[in-house]
**Student:** 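Right, I'll just put the structure down here and ask away after.
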Amino acid sequence: MNYDIIVIGSGPGGYVTAIRAAQLGFKTAIIEKENLGGICLNWGCIPTKALLKSAHVFNYLKHAEDYGLNKVENPGFDFSKVIQRSRGVASKMSGGISFLMKKNKIDVIMGTATVKAGKKVTVVDAEGKSTEYSGTNIIIATGARSRELPNLPQDGKKVIGYRQALSLPEQPKSMIVVGSGAIGIEFADFYNAMGTKVTVVEFLPNIVPLEDEEVSKHVEKSLKKSGIEIMTNASVESVDTSGNGVKASVKTATGNITLEADILLSAVGIASNVEGIGLEAVGIKTEKGKVLVNEWYETSVPGYYAIGDIIPTQALAHVASAEGITCVEKIKGLHVEAIDYGNIPGCTYCHPEIASVGLTEKQAKEKGYEIKVGKFPFSASGKATANGDVDGFIKVIFDAKYGEWLGCHMVGDGVTDMIAEAVVARKLETTGHEVLKSIHPHPTISEAVMEAVAAAYGEVIHI
């Protein structure tokens, strides 16, 4: 019942933290109230990608003739089987986490945890039995859930969050998606590709509002072309679910309108799981729904740490994992470098995909940089042309004075697998000329990165 490290939550923050702790020789336990892998593996990152893959394959079937293949007459699908496949992928990944826990000799404790003073944790299991554990270090990684707005209460049937969107019993004929961040846009893309009439309502002037403005505008154009209706500078004021479907009153720049659909997906962000876990009783400080930590993730109470979606950093799976590793390595006494939150990649898996890292063009100018900007369209890429998908471009931003790679913004097929080049290059403080002298293979999609850099320096070859 006594451990060196107790991790609360088994998402990508928690389970990675536990594994690294075990590797470092700590006696480790992990507590999970539902399924190993947390939201990401079970109800987020992984199952959504499985759904999007089904949509991608379905799209290929509809365009077989574009590749010289015989036309597929009336390509169809079984929606329940598409959902079933997604759930199967999630289940397999969760099972993989169970294997990793056993491999690393980590004790898995199932139940709902509450932190106590004196570095103790109480866990109540499914039968209601309460057990107390103690740990020299307690790491809280309880993650987040779908955020609910007062005017958009989720009933789980007509007004839903991402969790219900992953397991609907039948495909809706029409859907309103409120919010155009990664979650909203990915679901909008999936359901639209499968034949649902989708309308996206975004409060801000641009969809995927954290992205570079050129990327946002390009993605909006592409999604509209695919059949998605997009309303920006608009907000849902109220929802009526008394009838068969949903009626949403939407405030726009030109007045109020009413949208009707079978279902409304609220994708207006996430809320951290900080309630009901004992933070107040222990004296752990929070602010605006987030746990306050130092650069090594220690809370206001020594011996208690927090990582992932419950602290004020980017709410991304890979960020949570990195924070957990940094946290336990610091506890071990290793020489640790603090995470550079300016070099965190972000990805959205719609079609075309979006990937970015660093400053947008607007941010670079606001910071006072004199910049060099280069763009390379996939329409000029041999590999993209051969693939039959030339939608998108790569945009790079460099400091004109010292050659520092300030930002990289990608939109197109497969770019989420390419952004790591920019992340590593920026970490190594690579200059634009060093990228140009790093020979990229041909024909590949990745050589478009080199071409975009060449464009920034007036040396581009293929446009």
Side-chain angles (χ1 to χ4, degrees), residues 179-186 200 202-224 230 232-233 267-269 312-316 318-319 339-378 391-432 435 446 448-457 460:
S180 71
I183 294 172
I185 287 300
E186 287 180 12
V200 174
E202 170 57 50
F203 178 74
L204 295 171
N206 297 309
I207 64 167
V208 284
L210 296 181
E211 300 296 339
D212 185 89
E213 192 171 327
E214 277 193 89
V215 169
S216 296
K217 288 180 176 178
H218 184 95
V219 172
E220 180 175 343
K221 183 179 177 181
S222 293
L223 294 179
K224 282 181 174 178
I230 295 175
T232 52
N233 290 310
V268 291
T313 56
Q314 294 102 313
L316 298 167
H318 43 285
V319 172
I339 292 173
D340 175 7
Y341 287 99
N343 197 33
I344 302 294
C347 299
T348 303
Y349 299 82
C350 54
H351 189 265
E353 290 183 349
I354 309 166
S356 61
V357 67
L359 301 178
T360 65
E361 183 176 351
K362 182 181 179 182
Q363 289 169 339
K365 289 177 179 176
E366 288 174 346
K367 287 180 176 289
Y369 285 103
E370 183 185 341
I371 59 176
K372 290 182 179 291
V373 178
K375 282 177 62 179
F376 188 80
F378 286 122
D391 187 10
F393 60 86
I394 290 178
K395 177 179 180 178
V396 295
I397 303 159
F398 286 89
D399 171 29
K401 188 174 182 180
Y402 297 111
E404 179 188 357
W405 197 343
L406 299 174
C408 183
H409 307 275
M410 305 178 173
V411 54
D413 185 36
V415 297
T416 56
D417 292 316
M418 291 165 49
I419 194 64
E421 175 177 349
V423 177
V424 173
R426 281 166 44 79
K427 172 68 175 174
L428 298 175
E429 299 182 353
T430 300
T431 65
V435 176
S446 65
V449 176
M450 180 182 68
E451 292 276 18
V453 176
Y457 284 88
V460 66

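Computation of the quantities below employed the complete heavy-atom set of this structure, encompassing side-chain atoms and omitting hydrogens, waters and symmetry-equivalent molecules.
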**Student:** Between atom CD1 of Ile394 and atom CD1 of Ile419, what is the distance when rounded to the nearest 0.5 Å?
**Tutor:**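 That separation rounds to 8.0 Å.
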**Student:** Donor-acceptor check, side chain of Ser180 to backbone of Val208, threshold 3.5 angstrom: yes or no?
**Tutor:** yes
**Student:** Donor-acceptor check, side chain of Asp212 to backbone of Thr360, threshold 3.5 angstrom: yes or no?
**Tutor:** no
**Student:** Would you please name every residue forming a side chain to side chain contact (heavy atoms under 4.5 Å, CB included) with Ser222, sequence neighbours left out?
**Tutor:** His218, Pro352, Asp391
**Student:** Could you check if a side-chain atom of Val453 sits within less than 4.5 angstrom of a side-chain atom of Phe398, using non-hydrogen atoms only?
**Tutor:** yes
**Student:** So, do Ile339 and Ile344 sit near enough that their side-chain heavy atoms are less than 4.5 Å apart?
**Tutor:**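 They are in contact (side-chain heavy atoms under 4.5 Å apart), so the answer is yes.
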**Student:** Any side-chain hydrogen bond (donor to acceptor under 3.5 Å, both in side chains) pairs touching residues 404-424, not counting sequence neighbours?
**Tutor:**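 Applying side-chain hydrogen bond (donor to acceptor under 3.5 Å, both in side chains) to every pair that reaches into residues 404-424, excluding sequence neighbours, yields Glu353-Thr416, Glu421-His440.
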**Student:** Working to the nearest 0.5 Å, report the span between CD1 of Ile185 and CD1 of Ile230.
**Tutor:** 5.5 Å
**Student:** Apply side-chain contact (heavy atoms from CB on, under 4.5 Å) to Asn343 and Val423, showing your working.
**Tutor:** CA-CA 6 Å; Asn343 197 33; Val423 177; 3.7 Å; yes
**Student:** Could you pull out all residues at least two apart from Lys217 that satisfy side-chain hydrogen bond (donor to acceptor under 3.5 Å, both in side chains)?
**Tutor:** Glu213
**Student:** For Ala364 and Leu359, which heavy atoms make the closest approach, and how far apart are they?
**Tutor:**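 So the two residues come closest at CA-CD1, 4.0 Å.
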**Student:** Which pairs, with at least one residue in residues 365-375 and sequence neighbours excluded, count as a salt bridge (Lys or Arg N to Asp or Glu O under 4.0 Å)?
**Tutor:**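 Qualifying pairs, neighbours excluded: Glu214-Lys375, Glu361-Lys365.
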**Student:** Checking Val435 against Tyr457 for the side-chain contact (heavy atoms from CB on, under 4.5 Å) test, could you report, in this order, the C-alpha distance in whole Å, the side-chain angles of both residues, the deciding distance, and whether it holds?
**Tutor:** CA-CA 11 Å; Val435 176; Tyr457 284 88; over 6 Å; no
**Student:** Report yes if the side chains of Phe393 and Val215 come closer than 4.5 Å at any heavy-atom pair, otherwise no.
**Tutor:** yes
**Student:** Ignoring hydrogens and angles, tell me if any N or O in the side chain of Gln314 forms a donor-acceptor pair with the backbone of Tyr341 under 3.5 Å.
**Tutor:** yes
**Student:** How close do Ser356 and Glu211 get, heavy atom to heavy atom, and via which atoms?
**Tutor:**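 Closest approach of Ser356 to Glu211, heavy atoms only: OG-OE1, 2.8 Å.
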**Student:** Minimum heavy-atom separation for His318 to Pro345, with atom names?
**Tutor:**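 Closest approach of His318 to Pro345, heavy atoms only: NE2-O, 2.7 Å.
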**Student:** Suppose the criterion is ring pair (Phe, Tyr, Trp, His ring centres under 6.0 Å): which pairs have a residue in residues 358-377, not counting sequence neighbours?
**Tutor:** none
**Student:** Side-chain contact, heavy-atom cut-off 4.5 Å: Asp340 with Lys427?
**Tutor:**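 Side-chain contact under 4.5 Å: no.
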**Student:** Kindly indicate, with the supporting measurements, whether the criterion side-chain contact (heavy atoms from CB on, under 4.5 Å) is fulfilled by Ile207 and Val219.
**Tutor:** CA-CA 8 Å; Ile207 64 167; Val219 172; 4.0 Å; yes
**Student:** For Ser446, give me all partners under side-chain hydrogen bond (donor to acceptor under 3.5 Å, both in side chains), at least two apart in sequence or on another chain.
**Tutor:** Thr444
**Student:** Taking C-beta and beyond as the side chain, do Pro205 and Thr232 meet within less than 4.5 Å on heavy atoms?
**Tutor:** no
